[in-house]
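Encoded as structure tokens, the structure appears first; notes follow it.
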Amino acid sequence: MIVLDYQDLPVKNDKFYLEGKRKVVLIEIVANIGLTISGFIRGIPKEEKVYRNMEMLKSTEWFHNIYQENEEFFLKDDTVRYIIGWTNVEKSLRSEKRTDRLRLKILDALNDR
């Protein structure tokens with residue numbers, strides 16, 4: 001059994017406690033900057049790719065049903081078009097797990113509108 005003395009625990013004024021907090025905040029800031037930069041570098045998918053991926057997805061029953069109910073949304077919403085444009089649809093359709101993941105992403109984007 002380990003017994004801790006309250007004097008051994010870090011306090012908010014403790015030098016090591018504050019340094020640890022600063023490191024965590026710094027790591028979070030660097031991670032957020034990295035994600036933002038990668039998003040800018042990647043950019044928006046080309047319309048041809050979005051259209052081609054949408055046509056491949058229309059051949060599946062689950063997407064065809066969702067598309068028929070929300071056709072206008074698929075044609076205008078940037079979030080859904082981004083998801084469809086940057087997804088490797090051929091690879092996603094080969095794997096049931098990846099197909100389910102793509103379906104959930106699309107449904108989440110539809111529910112967020």
Side-chain angles (χ1 to χ4, degrees):
M1 180 171 158
I2 300 173
V3 178
L4 291 175
D5 186 5
Y6 287 109
Q7 294 173 351
D8 294 338
L9 297 175
V11 220
K12 290 190 177 186
N13 295 336
D14 188 11
K15 177 182 175 185
F16 296 111
Y17 177 82
L18 292 174
E19 286 177 9
K21 285 284 247 192
R22 288 185 190 129
K23 287 178 184 176
V24 169
V25 171
L26 183 62
I27 290 170
E28 288 177 4
I29 290 171
V30 170
N32 287 334
I33 291 171
L35 289 173
T36 304
I37 290 172
S38 68
F40 283 124
I41 291 172
R42 192 171 192 186
I44 299 171
K46 295 188 184 317
E47 286 300 313
E48 298 85 30
K49 187 168 182 183
V50 174
Y51 181 76
R52 187 185 60 207
N53 286 349
M54 231 183 271
E55 290 301 316
M56 277 192 279
L57 286 169
K58 283 182 192 175
S59 67
T60 65
E61 187 178 331
W62 66 268
F63 183 81
H64 187 72
N65 294 335
I66 294 171
Y67 184 82
Q68 283 182 336
E69 294 171 9
N70 304 289
E71 185 173 355
E72 185 177 320
F73 186 68
F74 278 98
L75 297 175
K76 294 181 180 177
D77 187 71
D78 292 334
T79 305
V80 172
R81 295 181 70 72
Y82 181 86
I83 292 169
I84 292 172
W86 281 119
T87 300
N88 186 341
V89 174
E90 292 175 20
K91 194 173 185 178
S92 293
L93 294 178
R94 280 188 247 137
S95 164
E96 188 175 330
K97 183 178 178 180
R98 287 187 175 144
T99 302
D100 288 340
R101 201 176 314 149
L102 176 59
R103 182 180 323 139
L104 287 175
K105 281 183 184 179
I106 292 172
L107 290 173
D108 284 344
L110 286 171
N111 290 332
D112 288 344
R113 62 180 167 139

*Do you know the tightest heavy-atom contact between Ala109 and Phe73?*
O-CZ, 3.8 Å
*For residues 88-100, which residue pairs qualify under salt bridge (Lys or Arg N to Asp or Glu O under 4.0 Å), counting only residues two or more places apart or in two chains?*
Asp100-Arg103
*For Thr99 and Ser92, which heavy atoms make the closest approach, and how far apart are they?*
OG1-O, 2.5 Å
_Test of understanding: clusters of I, L, V, M, F, W, Y form through side-chain heavy atoms closer than 4.5 Å, transitively. Do Met56 and Leu107 belong to the same one?_
yes
*Same hydrophobic cluster for Val89 and Tyr67, using side-chain heavy-atom links shorter than 4.5 Å among ILVMFWY?*
yes
*asked:* Nearest 0.5 angstrom please: Ile106 CD1 to Thr87 OG1, how far?
replied: 7.0 Å
*For the atom pair CD (Gln68) and CZ (Phe74), what is the distance rounded to the nearest 0.5 Å?*
11.0 Å
*With a cut-off of 6.0 Å (strictly less than), are more than 12 heavy atoms of other residues, nucleotides or ligands near CD of Glu72?*
no
*Would you mind reporting whether Leu104 and Arg101 have side-chain heavy atoms less than 4.5 Å apart?*
no
*About how many Å separate NZ of Lys49 and CZ of Arg81, when rounded to the nearest 0.5 Å?*
13.5 Å
_Between the side chains of Arg52 and Glu48, is the shortest nitrogen-to-carboxylate-oxygen separation below 4.0 Å, so that they form an ion pair?_
no
*Is Trp62 reachable from Ile84 through a run of hydrophobic residues whose side-chain heavy atoms are each under 4.5 Å from the next?*
yes
*Are Tyr51 and Leu57 connected, step by step, through hydrophobic side chains (Ile, Leu, Val, Met, Phe, Trp, Tyr) whose heavy atoms are closer than 4.5 Å?*
no
*Can you name the closest pair of heavy atoms from Asn53 and Gly85 and give their distance?*
ND2-O, 3.5 Å
*Which pair of heavy atoms, one from Asp77 and one from Val80, lies closest together, and at what distance?*
OD2-N, 3.0 Å
_Within one Ile-Leu-Val-Met-Phe-Trp-Tyr cluster: Phe63 and Leu75, side-chain cutoff 4.5 Å_ = yes
_Pair Asp112, Thr79 - check side-chain contact (heavy atoms from CB on, under 4.5 Å), show working._
CA-CA 10 Å; Asp112 288 344; Thr79 305; over 6 Å; no
